[in-house]
Amino acid sequence: MFIEELANYVGKDVTIHGWAHNKRSSGKIRFLIVRDGTGFLQTVFSEKDVSSEAFALADRLSQESSLEVTGTVRQDKRAPGGYELIAKDLKLIQAANDYPITPKEHGIEFLMEHRHLWLRSRRQHAILRIRSEVIKACRDFFDDRGFVLVDAPIFTPAACEGTTTLFEVDYFGQKTYLTQSGQLYNEPAAAAFGKVYCFGPTFRAEKSKTRRHLTEFWMLEPEVAFLDLAGAMALAEDLICYLIDRVLNERIEELKILDRDITKLENVKKPFPGISYDEALTILKEKGKQIEWGDDFGGDEETVLSQSFDRPVLIHHFPTQCKAFYMKRDPKNEKLALGVDMLAPEGHGEIIGGGQREDDLAALEKRIEEYKLPKQALEWYLDLRRYGSFIHSGFGLGIERTVAWICHVPHLRETIPFPRLLEKVYP
RNA sequence: UCCAGCGUAGCUCAAUGGUGGAGCAUCCGGCUGUUAACCGGAGGGUUGUAGGUUCGAGUCCUACCGCUGGAGCCA
């Protein structure tokens with residue numbers, strides 16, 4: 001029996017297993033707030049209804065002690081949540097001594113050291129339930145559209161994305177790296193199945209010490225055969241609308257706990273504004289940003305751009321030097337890559353990066369040379385351009401950044417159960 | 001790696017270079033509907049570490065360690 005089901009049991013006797021969240025007492029009546037992971041329940045102890053042992057225990061129970069409580073469910077306006085339990089019996093399972101996270105405020109350093117316990121708090125609970133819902137919605141979106149889940153490996157043989165820092169792993173004496181992206185493996189999967197996606201953790205050994213970077217984060221990456229850049233942008237737009245719709249329908253309570261301005265999410269409707277890199281530069285210059293053609297956007301520029309629109313904005317046709325070697329060039333302008341980024345509004349920045357892939361063997365070989373990449377390690381990838389090459393596009397959605405935006409929490413560390421940050425791998 | 005700020009009770013924070021305090025948590029007591037309940041009482045300190053200046057350092061100086069924010073970096 002879980003607290004979330006209690007509305008169906010008014011007038012009935014139930015037993016709940018959970019943890020002591022808080023207590024209040026007033027002489028002959030005591031209130032114990034019980035938490036069981038599905039909700040919070042006010043249990044009411046009157047001296048006349050319970051044994052003296054249970055009555056004393058209700059007063060003595062320390063925060064987060066595990067317990068079993070039995071009683072009658074009652075609807076009562078005075079109870080938080082509208083329902084309470086008139087207790088008949090209380091059993092202690094294990095007494096918690098000096099639980100570190102008290103009902104008052106704590107600093108971020110202390111909370112991060114106690115992340116394993118911090119997960120029990122209301123706010124973390126709300127964020128991680130939304131994360132769970134977002135991931136489920138991602139899976140549903142693609143499954144319902146006939147995509148096949150084809151997972152990419154975590155160990156990868158070579159640095160496939162140039163200068164980016166990778167985590168090196170000793171693989172029985174051979175150097176391997178933790179994956180930065182399932183992208184390259186998605187392409188053969190798309191050739192095999194037409195519409196595919198992968199979803200898993202990715203790793204970046206960047207020494208980035210900012211609120212929008214994790215060294216380990218989860219990425220959802222669809223890849224579609226015979227889809228061009230415009231098609232990938234439309235797919236990304238549909239996906240985001242679907243995710244927002246799902247969270248608004250299924251996780252409204254959690255959004256309220258987080259004090260999220262719901263109207264900001266309700267704005268997220270098609271069509272999203274789409275601007276070229278050149279148009280983005282114009283906006284940035286109007287807002288006083290000094291940026292040269294060919295520069296990639298930093299955190300500052302992303303913030304300015306994302307605050308210029310009331311819904312996510314798609315930015316496309318980037319200078320080639322901003323994008324990876326496998327991005328297809330614009331046939332009308334060799335200096336541009338057919339890439340697209342989606343920036344979330346309210347200053348949350350990039351949540352999607354993707355585009356159309358280079359499908360011409362000679363062009364790709366030339367690019368590999370220019371980027372000074374190990375060609376031999378990429379021969380398998382080049383095979384896709386030798387055996388029935390095809391136009392194809394895809395993108396990667398960062399789960400944590402998406403959850404941060406939906407919840408409007410400033411730092412990614414709260415959007416993943418156990419964040420891995422620069423020099424922070426405990427607990 | 002660089003820049004800035006901060007390290008004081010279990011936690012969050014005070015304390016003009018002159019006897020280190022409060023709230024919460026803990027323990028004891030009170031209160032018959034509490035809403036981060038409230039009221040009374042008690043215990044709790046090598047002020048991050050090591051040096052230095054000074055009659056006197058939590059406070060000023062130096063180094064180191066740790067944390068936080070930012071920059072660079074970054075599909």
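Note on naming: letters A, B, ... go to the chains in the order of the sequence lines (proteins, then strands), and numbering restarts at 1 for each one. Both backbone and side-chain heavy atoms feed into the values below; hydrogens, waters and symmetry mates do not.
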Separation between NE2 of A:His317 and NZ of A:Lys323, rounded to the nearest 0.5 Å
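These two atoms lie 12.5 Å from each other.
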A:Thr15 versus A:Thr70, side-chain donor and acceptor atoms under 3.5 Å
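There is such a pair between these side chains.
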Can you confirm whether the side chains of A:Glu206 and A:Thr215 place a donor and an acceptor under 3.5 Å from each other?
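A:Thr215 and A:Glu206 do not have a side-chain donor-acceptor pair below 3.5 Å.
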Give every donor-acceptor pair under 3.5 Å between a side-chain atom in residues 253-261 of chain A and any protein atom, sequence neighbours left out.
unit_1   : atom_1 : unit_2   : atom_2 : d
A:Glu254 : OE2    : A:Arg251 : NH1    : 3.3
A:Arg260 : NE     : A:Ile406 : O      : 2.7
A:Arg260 : NH1    : A:Glu346 : OE1    : 2.9
A:Arg260 : NH1    : A:Glu346 : OE2    : 3.4
A:Arg260 : NH2    : A:Glu346 : OE2    : 2.8
A:Arg260 : NH2    : A:Trp405 : O      : 3.0
A:Asp261 : OD1    : A:Thr263 : N      : 3.1
A:Asp261 : OD1    : A:Thr263 : OG1    : 2.6
A:Asp261 : OD2    : A:Lys264 : NZ     : 3.3

Could you go through nucleotides 31-33 of chain B and list every protein N or O atom that sits under 3.5 Å from one of its N or O atoms, giving the distance for each pair?
unit_1 : atom_1 : unit_2  : atom_2 : d
B:C31  : N3     : A:Gly27 : N      : 3.2
B:C31  : N4     : A:Ser25 : OG     : 3.2
B:U32  : O4'    : A:Ser26 : O      : 3.3
B:G33  : O2'    : A:Arg78 : NH1    : 3.4
B:G33  : O6     : A:Arg74 : NH2    : 2.4
B:G33  : N1     : A:Arg74 : NH2    : 3.4
B:G33  : N1     : A:Glu84 : OE1    : 3.4
B:G33  : N1     : A:Glu84 : OE2    : 2.9
B:G33  : N2     : A:Gln42 : NE2    : 3.1
B:G33  : N2     : A:Glu84 : OE1    : 2.6

Within the 4.0 Å heavy-atom criterion, would you say A:Glu221 contacts the bases, only the backbone, or no part of the nucleic acid?
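A:Glu221: base contact, heavy atoms under 4.0 Å.
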Determine the contact category for A:Pro100: base if any of its heavy atoms lies under 4.0 Å from a base atom, sugar-phosphate if only primed atoms, P, OP1 or OP2 are that close, otherwise nothing.
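Nothing, no nucleic acid heavy atom in range.
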Non-neighbouring partners of A:Phe155 that pass ring-ring contact (aromatic ring centres under 6.0 Å, His included), sequence neighbours left out
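ring-ring contact (aromatic ring centres under 6.0 Å, His included) list for A:Phe155, sorted by chain: A:Tyr171.
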Give a yes or no on whether A:Gln290 atom CD has more than 12 heavy-atom contacts from other residues, nucleotides or ligands under 6.0 Å away.
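Counting other residues, nucleotides and ligands, CD of A:Gln290 stays at 12 neighbours or fewer.
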Are A:Phe40 and A:Trp19 close enough, and set up right, to give a ring-ring contact (aromatic ring centres under 6.0 Å, His included), and what steps lead you there?
CA-CA 10 Å; A:Phe40 295 83; A:Trp19 296 265; over 10 Å; no
What about A:Ser208, does its side chain sit under 3.5 Å from the base of B:C73 through a donor-acceptor pair?
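Present.
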Looking at A:Glu369 and A:Lys375, does any basic side-chain N land under 4.0 Å from a carboxylate oxygen?
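Between A:Lys375 and A:Glu369 there is no salt bridge, as every charged N stays at least 4.0 Å from the carboxylate O atoms.
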Excluding sequence neighbours, so at least two apart, what forms side-chain hydrogen bond (donor to acceptor under 3.5 Å, both in side chains) with [X]?
{"X": "A:Glu237", "result": "none"}
{"X": "A:Glu105", "result": "none"}
{"X": "A:Arg123", "result": "A:Glu414"}
{"X": "A:Asp13", "result": "A:Thr72, A:Lys88"}

Short of 4.0 Å, heavy atom to strand atom, which residues of residues 405-416 of chain A count as contacting RNA chain B?
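Those residues whose heavy atoms fall under 4.0 Å from RNA chain B, taken from residues 405-416 of chain A in numerical order, are A:His411, A:Arg413.
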Residues from residues 113-126 of chain A sitting under 4.0 Å of RNA chain B, heavy atoms only?
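Here the set is empty: none.
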Report, one pair per line, the protein and nucleotides 4-9 of chain B atoms (nitrogen or oxygen only) whose separation is under 3.5 Å.
none

Just say parallel, tilted or perpendicular for the rings of A:His106 and A:Phe110, cut-offs at 30° and 60°.
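Geometry flag for A:Phe110 against A:His106: parallel rings.
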Should the pair A:Trp380 and A:Tyr185 be assigned to parallel (<30°), tilted (30 to 60°) or perpendicular (>60°) ring geometry?
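Parallel.
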Given B:G70, B:U26, B:C74, identify the nucleotide with an atom nearest to the side chain of A:Arg204.
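So the side chain of A:Arg204 is nearest to B:C74.
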Kindly state whether the ring of A:His348 and the ring of A:His408 have centres lying under 6.0 angstrom apart.
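That pair passes the under 6.0 Å test.
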Can you pull every protein N or O that's under 3.5 Å from an N or O on nucleotides 12-15 of chain B?
unit_1 : atom_1 : unit_2   : atom_2 : d
B:U12  : OP1    : A:Gly107 : N      : 3.0
B:U12  : O4'    : A:Glu105 : O      : 3.4
B:U12  : O2'    : A:Glu105 : OE2    : 3.1

Paired stems touching RNA chain B, three or more consecutive Watson-Crick or G-U pairs with both distances under 3.5 Å?
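Consecutive-pair runs (3 or more) involving RNA chain B: B:1-7 with B:65-71, B:10-13 with B:21-24, B:26-30 with B:38-42, B:48-52 with B:60-64.
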